[in-house]
Amino acid sequence: MASRRVINSATSPRRIDGTEIRVRRPADGRKDREKFISGKNKQNAVKSMVVTDADGRLLFCGPAEPGSCADITHARQLGLVKLLADGPVVETLADAGYQRLGAQTGGCVVTPPHRKFKKNPPDWCEEMHERRRKAHSSRRIRVEHGIAHLKNWRALARHHGRREHMTEIIQAVAGLLSHQQTAITPSDPHM
């Protein structure tokens, strides 16, 4: 496969991240009870993948998966790896949960830098790593804002209903939010 160059100027970079929404605990004795426990927060949750543009506007919200599903696994299940590898070349900023996705997508996915030294790093190396990590994080912060707007909807703050309906609820709220973010508002309130 030929090496591809990531184009930055014509298309704005996308941001990708997974978000967890707390749900009720599955019934006692249910065989898949443990798969809803999030590895990050140790709570019962479902996870959804969110893609935003450079301004934090919602572009995509994936279906709900059990909370134990890793971000990179969710991306693979949705076909995101194939889409980014074969589709148009657009830079996608991601967090450390998508670490190996850059190599699988021809460099389209950009993740935070790795540490070169695990033990006793030189001061100059640690400072350089910290600067690069903060620069990446400041470019990626808009996806967190998009997720925050999504979770401001009461239905997603904490879900008390059936987990089976979470995909429809998340995607409905994402559609409403996307429409709200792109709707043209008149500059004069008396129009």
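Since this is a predicted model, take the numbers as computed values, not measurements. Reckoned from all heavy atoms, side chains included, excluding hydrogens, waters and symmetry mates.
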Is the shortest side-chain heavy-atom distance between R139 and P13 below 4.5 Å? yes
Drop me the distance from I16's CD1 to T52's OG1, to the nearest 0.5 angstrom. 9.5 Å
With rounding to the nearest 0.5 angstrom, report the CE to CD1 distance, M49 to I72. 9.5 Å
When clusters are formed by joining ILVMFWY residues with side-chain heavy atoms under 4.5 Å apart, either directly or through shared neighbours, do I147 and I169 land in the same one? yes
Give every donor-acceptor pair under 3.5 Å between a side-chain atom in residues 73-83 and any protein atom, sequence neighbours left out.
residue : atom : partner : partner atom : Å
H74     : NE2  : P63     : O            : 3.3
K82     : NZ   : D86     : OD2          : 2.9

Looking at every heavy atom in both I170 and S48, which two are closest together, and how far apart are they? CG2-OG, 3.8 Å
Salt bridge check, D53 against R142: does any charged N sit closer than 4.0 Å to a carboxylate O? no
How long is the span from the OG atom in S137 to the CG atom in D95, to the nearest 0.5 Å? 9.5 Å
Separation between CD of E20 and CG of N44, rounded to the nearest 0.5 Å: 10.5 Å
Check V110 against G107 and note the closest heavy-atom contact, atom names and distance. CG2-O, 4.3 Å
What distance separates T111 OG1 from R140 CZ, expressed to the nearest 0.5 Å? 10.5 Å
T19 and K151: side-chain donor and acceptor closer than 3.5 Å? yes
Considering only heavy atoms from C-beta outward, does the side chain of W153 approach that of L176 to under 4.5 Å? yes
In short, Y98 meets D17 closest at the heavy-atom pair OH-C, 3.6 Å
What I'd like to find out is whether the side chain of E91 reaches to under 4.5 Å of the side chain of C108, using heavy atoms alone. no
To the nearest 0.5 Å, atom NE2 of H149 lies from atom CD of E144 at 12.0 Å
Do D55 and H145 touch side chain to side chain, with heavy atoms closer than 4.5 Å? no
Side-chain contact test, heavy atoms from C-beta onward, threshold under 4.5 Å: evaluate it for R14 versus L93 and give yes or no. no
Looking at I21 and M166, what are the two nearest heavy atoms and their distance? CG2-CE, 3.9 Å
Over all heavy atoms of both residues, which pair between P112 and A94 is shortest? Give the atoms and the distance, please. CD-O, 3.4 Å
Looking only at heavy atoms, what is the nearest atom pair of C61 and V50, with distance? SG-CG2, 4.3 Å
